[in-house]
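Quick note on labels: first sequence line is chain A, next is B, and so on, each numbered from 1.
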Amino acid sequence: MSESKYQRIWQTALQIPAGKVASYGQIADLAGLPGRARLVGKALGYAPKELEVPWFRILRSDRRLAFAPGSETAEEQRQQLLIEGVILKNYRAKPQDVWQPDLGELLFKLNY
DNA sequence: ACTATGACTGATT
DNA sequence: TAATCAGCCATAG
């Protein structure tokens, strides 16, 4: 597997603040991998637990959960988000909860 | 080498 | 608002 790409995706996801959400495509873009939204999903699945990557803060572009409604994973995600104050309405987050990173700061932290 | 797969997207209906 | 569809493209096997 392409470890370096996954690393960048993980590092980028790590920048999402608690209480905010981002889309798969958004993370891909910020990680320097435009058009690779699906790769983000895969990378999150492979993320080492000790890295504590906030996978639950990543949603689809329409702000809905990527998992089937009612599934165990979806419920866990909803729970995690609720803890951070992100309320889901029909499995959908509010626009104001979407992360809008300061690009300058992000670039500095990720130093790509 | 191939190819099926998918935690996705945007456009269209 | 919601469902469908074609396009997407690196990865895994």
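A/S23 has a side-chain polar atom (N or O) that falls below the 4.0 Å cut-off from OP1 or OP2 of B/dT9. In this structure, A/S61 reaches the B/dG10 phosphate: one of its side-chain N or O atoms is under 4.0 Å from OP1 or OP2. Within the structure, every side-chain polar atom (N or O) of A/Y46 is placed at least 4.0 Å from both OP1 and OP2 of B/dG6. Checking the phosphate oxygens (OP1, OP2) of B/dA7, no side-chain nitrogen or oxygen of A/R64 falls inside 4.0 Å.
Listed here is the closest heavy atom pair of A/L110 and A/L30: CD1-O, 4.2 Å. Of all non-hydrogen atoms in A/R78 and A/L88, the two that sit nearest each other are CG-CD2, 3.9 Å.
Among the protein residues, A/L44 comes within range of the nucleic acid bases, having at least one heavy atom under 4.0 Å from a base atom.
A/K5 has its NZ atom 9 Å from the C1' atom of C/dC9, to the nearest Å. To the nearest angstrom, P of B/dT9 lies 11 Å from CD1 of A/I27. Going from atom NZ of A/K89 over to atom P of C/dA2 covers 13 Å, rounded to whole Å. Between A/F67 atom CZ and B/dG6 atom C1' there is a gap of 12 Å when expressed in whole angstrom units. Distance CZ (A/R36) to C1' (C/dG7): 14 Å, rounded to an integer number of Å. Atoms CG (A/L33) and P (B/dT9) sit 14 Å apart, rounded to a whole Å. Taking atom CZ on A/R38 and atom P on C/dA12, their separation rounds to 15 Å, with Å as the unit. A/L65 places its CG atom 14 Å from the P atom of B/dA7, with the value rounded to the nearest Å.
Taking the nucleotide of DNA chain B with the nearest heavy atom to each of A/D62 and A/L39, the more 5' of the two is matched to A/L39. Nearer the 5' end of DNA chain C, as judged by each residue's closest nucleotide, is the contact made by A/N90, out of A/N90 and A/G35.
For A/R60 against B/dC8, a side-chain-to-base donor-acceptor contact under 3.5 Å is absent.
Remark: the backbone N or O of A/F56 is paired with a side-chain donor or acceptor of A/Q77 at under 3.5 angstrom.
A/F67 and A/I87 fall into different hydrophobic clusters, where Ile, Leu, Val, Met, Phe, Trp and Tyr side chains are chained together by heavy-atom contacts under 4.5 Å.
No side-chain heavy atom of A/I9 sits less than 4.5 Å from a side-chain heavy atom of A/V53.
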